[in-house]
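Each remark here refers to the structure printed beneath this line.
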Amino acid sequence: MRCASSSDRLDSSFVRNYFRLDEDLTVVLASIMKDDVEREAIQKFYGLKLVRQERWECLASFVLATNSNIPRIRAMVEKVSSVFGEPLEFEGLPYHSFPSPEAIRRAKASKLRSCGLGYRARFLRQVAEAVDDGSIDFDSVYSMGYEDARRALTSKIYGEKVLLGVGPKVADCALLFSGGKDEAFPIDVWVARAIARFYPALMGRSLRKKLGSSAQKKLTAPEYSKLSKSMRDYFGANAGYAQQYLYMLSRNR
DNA sequence: AAACAGGCTGACA
DNA sequence: TGTCAGCCTGTT
């Protein structure tokens, strides 16, 4: 395989790991083709894959993504990178790396805030501190099983959250995209809508009604746990893949 | 121009 | 344990 990058570290074995070229996608897809909905989604978005993202960058990005939207998330990540990241060059063009936890930790509050992060600035800094000082250790957390790892990401020590800004949805995203937990099934508003529409039986009547009519369309913590568990039970070990295809289906209709 | 956007925290029942 | 308001900010 041939590839080009700005760094020697990003060689072909990195690319192989990042894009999961070691896995047989057809086998994975066969395991989640449990109904016509997934069949249609897989046909429509055939080739869509999970990738193995860098762990700190992934968690930090999803902390920033809270209560926001894709264009804005992109703007926040790019701004933070250009202000606090290392300058890079690739094929003559300038780029910036995503900043290290240390860089975010050292950042002046007002400067961090001026990246347009809003109240997420505080969360990003606290997560950076926890990663930098070892309060949270990715190696140890991601070596646990799914349930324990999710508990670890959202846990409290002496009543204080270890990772402020990391709730159930953010934790599931980190576990799926950078923690090697393929059974994680993150539920954002799009996925919740898709479940209500295509899998009403898995959702339950009251929640379905709420998403349909009520102005309050955000899942409560208990609703989230219950729903994500039933989706994991239904799709099994590769539920995260099912979620990705369902998400795409939900957004393209 | 009020609502909404790829939720979470802190306070309270 | 489960609810609920409030929250930065950009966009529609």
Side-chain angles (χ1 to χ4, degrees), chain A residues 41 45 48 50-51 53 57-80 83 104 107 109-130 136 150-178 184-198 204 206-207 209-229 231 239-253:
Chain A
F45 304 103
L48 175 68
L50 290 169
V51 295
Q53 298 179 230
E57 177 174 348
C58 179
L59 180 59
S61 300
F62 281 107
V63 166
L64 295 183
T66 296
N67 201 23
S68 189
N69 50 59
I70 294 174
R72 191 176 166 210
I73 296 163
R74 179 176 296 125
M76 287 189 284
V77 170
E78 281 175 3
K79 182 73 175 170
V80 164
V83 174
I104 296 298
S110 57
K111 200 172 175 186
L112 196 55
R113 197 63 189 263
S114 72
C115 292
L117 311 184
Y119 58 82
R120 302 163 194 81
R122 173 172 150 256
F123 299 157
L124 180 64
R125 180 192 299 282
Q126 295 208 30
V127 172
E129 284 172 0
I136 186 80
R150 195 193 50 181
R151 231 186 315 280
L153 286 182
T154 57
S155 69
K156 295 180 180 179
I157 295 181
Y158 304 122
E160 304 264 315
K161 279 208 73 171
V162 177
L163 299 174
L164 212 54
V166 179
K169 191 267 179 181
V170 172
D172 273 335
C173 287
L175 289 164
L176 179 61
F177 299 121
S178 65
F185 195 95
I187 303 175
D188 57 35
V189 297
W190 294 97
V191 172
R193 283 175 196 146
I195 298 171
R197 176 165 181 182
F198 301 119
S206 59
L207 182 52
K209 192 170 177 186
K210 168 173 163 177
L211 293 181
S213 56
S214 159
Q216 175 57 267
K217 295 185 190 299
K218 294 174 178 179
L219 302 193
T220 65
E223 286 164 349
Y224 185 99
S225 337
K226 194 176 168 192
L227 186 53
S228 81
K229 173 157 177 43
M231 299 314 286
Y241 257 107
Q243 187 269 10
Q244 286 296 282
Y245 280 86
L246 196 55
Y247 170 76
M248 289 301 290
L249 194 62
S250 183
R251 293 215 57 155
N252 293 75
R253 270 201 180 244

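This one's a predicted model, so the numbers in the text were calculated from it and none came from an experiment. Atom set for the values below is all heavy atoms of this structure, side chains included, hydrogens, waters and symmetry mates excluded. So that the names make sense, note that chain A is the first sequence line, chain B the second, and so on, each numbered from 1.
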In whole Å, what is the span from the [atom1] atom of [X] to the [atom2] atom of [N]?
X        : N     : atom1 : atom2 : result
A:Lys156 : C:dT1 : NZ    : C1'   : 12 Å
A:Tyr224 : B:dG7 : OH    : C1'   : 10 Å
A:Phe123 : B:dG7 : CZ    : P     : 13 Å
A:Lys210 : C:dG2 : NZ    : P     : 13 Å
A:Arg251 : B:dA5 : CZ    : C1'   : 10 Å
A:Gln244 : B:dG6 : CD    : P     : 15 Å
A:Arg150 : B:dG7 : CZ    : P     : 17 Å
A:Arg122 : C:dT9 : CZ    : P     : 14 Å

>> According to ring pair (Phe, Tyr, Trp, His ring centres under 6.0 Å), who are the partners of A:Phe123, at least two apart in sequence or on a separate chain?
In response: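 None.
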> In dot-bracket notation, what is the pairing pattern of DNA chain B, taking Watson-Crick (N1-N3 plus N6-O4 or O6-N4) and G-U wobble (N1-O2 and O6-N3) contacts under 3.5 Å, with [ ] crossing and | for other strands?
Replying inline: .||||.|||||||
> So which nucleotide from B:dG6, B:dT9, B:dC8 ends up closest to the side chain of A:Lys161?
Replying inline: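 From the listed options, B:dT9 comes nearest.
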> Does a nitrogen or oxygen in the side chain of A:Arg193 sit under 4.0 Å from OP1 or OP2 of B:dA5?
Replying inline: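 Yes, within the criterion.
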>> Does anything in residues 163-170 of chain A come within less than 4.0 Å of DNA chain B? Heavy atoms only, and list the residues if so.
In response: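 Close to the strand are A:Leu163, A:Leu164, A:Gly165, A:Val166, A:Gly167, A:Pro168, A:Lys169, A:Val170.
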> What are the residues of residues 111-119 of chain A, sorted by number, that bring a heavy atom to within less than 4.0 Å of DNA chain B?
Replying inline: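 Nucleic-acid contacts, sorted: A:Tyr119.
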> Between atom CZ of A:Arg193 and atom CZ of A:Arg251, what is the distance when rounded to the nearest 0.5 Å?
Replying inline: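 So the CZ of A:Arg193 and the CZ of A:Arg251 are separated by 8.5 Å.
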> Which value, rounded to the nearest 0.5 Å, describes the distance between A:Leu219 atom CG and A:Ser225 atom OG?
Replying inline: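 Going from the CG atom of A:Leu219 to the OG atom of A:Ser225 covers 9.5 Å.
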Side-chain donor/acceptor of [X] to backbone N/O of [Y], under 3.5 Å:
X        : Y        : answer
A:Tyr247 : A:Pro186 : no
A:Arg122 : A:Leu164 : no
A:Lys209 : A:Gly204 : no
A:Arg120 : A:Leu117 : yes
A:Ser61  : A:Glu57  : yes
A:Lys169 : A:Tyr224 : no

With [atom1] as the reference atom in both, quote the distance from [N] to [M] in angstrom, rounded to an integer.
N     : M     : atom1 : value
C:dC7 : B:dA5 : C1'   : 13 Å
B:dA3 : C:dA5 : P     : 14 Å
C:dC8 : B:dA1 : P     : 23 Å

> Which pair of non-hydrogen atoms, one from A:Arg150 and one from A:Ser228, has the smallest distance, and what is that distance?
Replying inline: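 Heavy-atom minimum between the residues: NH1-OG, 4.3 Å.
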> Can you name the residues that form a side-chain contact (heavy atoms from CB on, under 4.5 Å) with A:Ile73, not counting sequence neighbours?
Replying inline: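 For A:Ile73 the side-chain contact (heavy atoms from CB on, under 4.5 Å) partners, ignoring immediate neighbours, are A:Ala65, A:Ser68, A:Met76, A:Val77.
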> So which of residues 67-80 of chain A are in contact with DNA chain C, with a heavy-atom cut-off of under 4.0 Å?
Replying inline: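 Residues of residues 67-80 of chain A that come under 4.0 Å of DNA chain C are, in numerical order, A:Asn67, A:Arg72.
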Are side-chain heavy atoms of [X] and [Y] found at a separation under 4.5 Å?
X        : Y        : value
A:Gln126 : A:Lys161 : no
A:Ile104 : A:Val80  : yes
A:Val166 : A:Leu59  : yes

